[in-house]
Amino acid sequence: MEKKHRIRKSTEFKRAYVKGKNYWNRNFTLYIKKNDLNYTRFGIVVTKKLGKAVVRNKIKRKIREINRSLLPFLKEGYDIVLIPKKNTVDLSYEELKKSVEHIYNLAGILKR
RNA sequence: GGAGUAAGUUGUAUGGUCGCAUGCGAGAGCAUGAGGAAAGUCCGUGCUCCACAGAGCAAGAUGCUGGGUAAUACCCAGUGGGGGUGACCCUAAGGAUAGUGCAACAGAAAUAAACCGCCUUUAAUGGCAAGGGUGGAAAGGUGAGGUAAGAGCUCACCAGCAUUUAGGUGACUAAGUGGCUAUGUAAACCCCAUCUGGAGCAAGACCAAGUAGGAGCUACUAAAGAUAGUUGCUCGCUAUCGCUCCAAAGGUAGGUCGCUUGAGCAUAUUGGCGACAAUGUGCCUAGAUAGAUGACCAUAUAAACAGAACACGGCUUACAGACUUACUCGUUAC
RNA sequence: GCAGGUAUGGCGGAAUUGGCAGACGCGCUAGAUUCAGGUUCUAGUGAAGGUAACUUCAUGCAGGUUCGACUCCUGUUACCUGCA
């Protein structure tokens, strides 16, 4: 995923937390905030509770890959922050993808 | 082939589709892209700032000997002690005769002596310490002589201490001589020898939105004092104390650098028992900053521990499977 | 990335010149009081084995020093805190 599709600044994360709407399901917490740009940006936050560095990296990479494949089906102009929960450690790629689609559907940012 | 000891290597590969980071390129694209422990942060260095780093005290570290190294608590070669039939392994291993403290309970007594006991015809305000029991530890041990009973009182061997000679750079070893001997603990304080200034790449340097203040200069008071900083403390050191001027300066968010050519890697020769050193030749091999290696498919029986964030040298800990070399024991079931 | 701290029964929390581990409180169990419950009072309460007397193991885990370790030293695991 290119750099322009990532959230990179600490202040932008904070803005999503404070001003954005949040949604959640079994596996994720999601914060969404409209940005002033005409493209969508992602942020993934993996806390130390989920495991060691190898485990955290693996989750990040899987979610990044999922977001890349879903990008054409999302509405433009949003900052999206995804926070995986503890039980995502044991999930396969396919299960993760279903869960992410589910939570995006809840938030209403999937194109029809 | 069995049981074992030591050292070492490897630790997914190949192909396809999509995708990420860095460099090069106008672009298409091309090249490169985690580890043996990248980990723990336990030591040691470089590097940066604090006065290119100072004095004393305090505090801390190391602790058999000699060597290696940029340095170390690491490594190599040895010494003493302990374990194993053996290959081999383990070892915080200076000083208890510099001083102080502590040694519960038990026991007559715990760093100094007498409860029971033995002896002198009986007995002790006398002599004795062999035997008993307690304890982690009880006044050198075993045997013989000796005696009223006993005792290093005497002798032999052993242990310990002091000392002499020989060997070794040294730890120490071997032999001799001497007087007969006061437990343990220094991972208790301490003594001795050697070493250590503090903080850390979120170090630090540069650019710089917003906000609103900031800078320069000279000398009055004058080497006194106050405040702040610098190291735990004492010194020492540094900055500030008044006047004038400017619309810029300092600096937060943010950005750029630090950031990878280095005690580097490979290889050959020489010196050294070895750690290692010297010389020659060749090579350039991640550099991110919400942080790059992933997803899916095919083949191979199965594939662990685990992910760089300034760098390097060690140590420690985690680790599936596969393989190599040297050596030891045992001796026969094939 | 760097710096520091904590760990003791079911829970909180004592125990330091190194000398009987589990004080004390909460909780739990049993009994008394009551028609019943609560309150109150009394007793017990780490685990395993044993009829019992009692024995063995227990201070996160693994070693070491010491006659003796919750305490001293080394390694390690988990959790917590601070630093832009």
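Labels below follow one simple rule: chain letters A, B, ... track the order of the sequence lines, proteins then strands, and each chain is numbered from 1.
At a threshold of 4.5 Å between non-hydrogen side-chain atoms, the residues A:Ile103 and A:Asn105 do not count as touching. Side-chain contact check for A:Ile7 versus A:Val81: some heavy-atom pair is nearer than 4.5 Å.
Pair check for B:C47 finds B:G200; Watson-Crick or G-U wobble, both atom distances under 3.5 Å. Here B:G229 sits opposite B:C237 as a Watson-Crick or G-U wobble pair (both hydrogen-bonding atom distances under 3.5 Å). Look at B:U165: its Watson-Crick or wobble partner, with both distances under 3.5 angstrom, is B:A174. Across all strands shown, B:U325 is found opposite B:A6 as a Watson-Crick or G-U wobble partner, with both distances under 3.5 Å.
With sequence neighbours excluded, no residue forms a salt bridge (charged side-chain N to carboxylate O under 4.0 Å, His left out) with A:Glu95. Every residue meeting the salt bridge (charged side-chain N to carboxylate O under 4.0 Å, His left out) condition with A:Arg41, not counting sequence neighbours, appears here in chain and number order: A:Glu12, A:Asp79. The side chain to side chain contact (heavy atoms under 4.5 Å, CB included) search around A:Val55 returns A:Ile59, A:Val89, not counting sequence neighbours. Listed by chain and residue number, A:Asn67 satisfy the side-chain hydrogen bond (donor to acceptor under 3.5 Å, both in side chains) test with A:Tyr104 (two or more places apart in sequence, or in another chain). Residues forming a ring-ring contact (aromatic ring centres under 6.0 Å, His included) with A:Tyr93 (at least two apart in sequence, or on another chain): none. The side-chain hydrogen bond (donor to acceptor under 3.5 Å, both in side chains) check on A:Glu76 picks up A:Lys111, with sequence neighbours excluded. Scored by the side chain to side chain contact (heavy atoms under 4.5 Å, CB included) test, A:Lys19 finds A:Arg15, A:Lys33 as partners (sequence neighbours excluded).
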Hey, can you pull the donor-acceptor pairs under 3.5 Å for the side chains in residues 20-29 of chain A, sequence neighbours left out?
unit_1  : atom_1 : unit_2   : atom_2 : d
A:Asn25 : OD1    : A:Asn27  : N      : 3.1
A:Asn25 : OD1    : A:Phe28  : N      : 2.9
A:Asn25 : ND2    : A:Ser99  : O      : 3.4
A:Asn25 : ND2    : A:Ser99  : OG     : 3.4
A:Asn25 : ND2    : A:His102 : ND1    : 3.0
A:Asn27 : OD1    : A:Asn87  : ND2    : 3.2
A:Asn27 : ND2    : A:Ser99  : OG     : 3.0

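Regarding the sugar-base torsion, C:U34 falls in the anti class, its angle being beyond 90° of 0. A syn orientation is assigned to B:A34, its glycosidic angle lying within 90° of 0. The glycosidic torsion of B:U260 lies within 90° of 0, which places this base in the syn conformation. Anti is the glycosidic conformation of B:G160, whose angle departs from 0 by more than 90°. With its glycosidic angle more than 90° from 0, B:G210 adopts the anti conformation.
A distance of about 8 Å separates the C1' atoms of B:A151 and B:C128, rounded to the whole Å. The separation of B:U48 from B:G27, taken at their P atoms, amounts to 38 Å, rounded to a whole angstrom. Taking atom C1' on both nucleotides, B:U165 is separated from B:U65 by 23 Å, rounded to a whole Å. Taking atom P on both B:A208 and B:G250, the two are 8 Å apart, rounded to the nearest angstrom. Nucleotides B:C116 and B:U125, compared at atom P, are 12 Å apart to the nearest Å.
Of the two residues near RNA chain B, A:Thr11 and A:Lys62, the one whose nearest nucleotide lies more 5' is A:Thr11.
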Identify the pairs formed between an N or O of the protein and an N or O of nucleotides 32-42 of chain B at a distance under 3.5 Å, and give each distance.
none

Produce the list of close N/O pairs, under 3.5 Å, pairing protein atoms with atoms of nucleotides 288-290 of chain B; give distances to one decimal.
unit_1 : atom_1 : unit_2 : atom_2 : d
B:U289 : OP1    : A:Lys3 : NZ     : 2.9
B:U289 : OP1    : A:Arg8 : NH2    : 2.9
B:A290 : OP2    : A:Arg8 : O      : 3.2
B:A290 : O2'    : A:Ile7 : O      : 2.8

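Centroid-to-centroid, the aromatic rings of A:His5 and A:Tyr39 come within less than 6.0 Å.
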Under 4.0 Å protein heavy-atom contact, by nucleotide of nucleotides 77-84 of chain C - B base, S sugar-phosphate only: --------

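With rounding to whole Å, A:Ile63 atom CD1 is found 18 Å from B:C20 atom P. For A:Lys97 and B:G294, the NZ to C1' distance is 14 Å, given to the nearest whole Å. Look at OH on A:Tyr93: it is 13 Å from P on B:G19, rounded to the nearest Å.
Closest non-hydrogen pair, A:Gly77 versus A:Thr40, comes out as N-OG1, 3.5 Å.
Consecutive Watson-Crick or G-U pairing (both distances under 3.5 Å) extending over three or more pairs maps onto RNA chain C as C:1-7 with C:77-83, C:10-12 with C:24-26, C:27-32 with C:40-45, C:46-49 with C:54-57, C:60-64 with C:72-76.
A:Ile66 and A:Tyr31 are assigned to two separate hydrophobic clusters, defined by single-linkage of ILVMFWY side chains at heavy-atom distances under 4.5 Å.
Sparse packing is recorded around NZ of A:Lys58, with 12 or fewer heavy atoms of other residues, nucleotides or ligands lying under 6.0 Å away.
Test A:Leu50, A:Thr47, A:Val100, A:Leu96 against A:Pro84 for side chain to side chain contact (heavy atoms under 4.5 Å, CB included) and you get one pass: A:Leu50.
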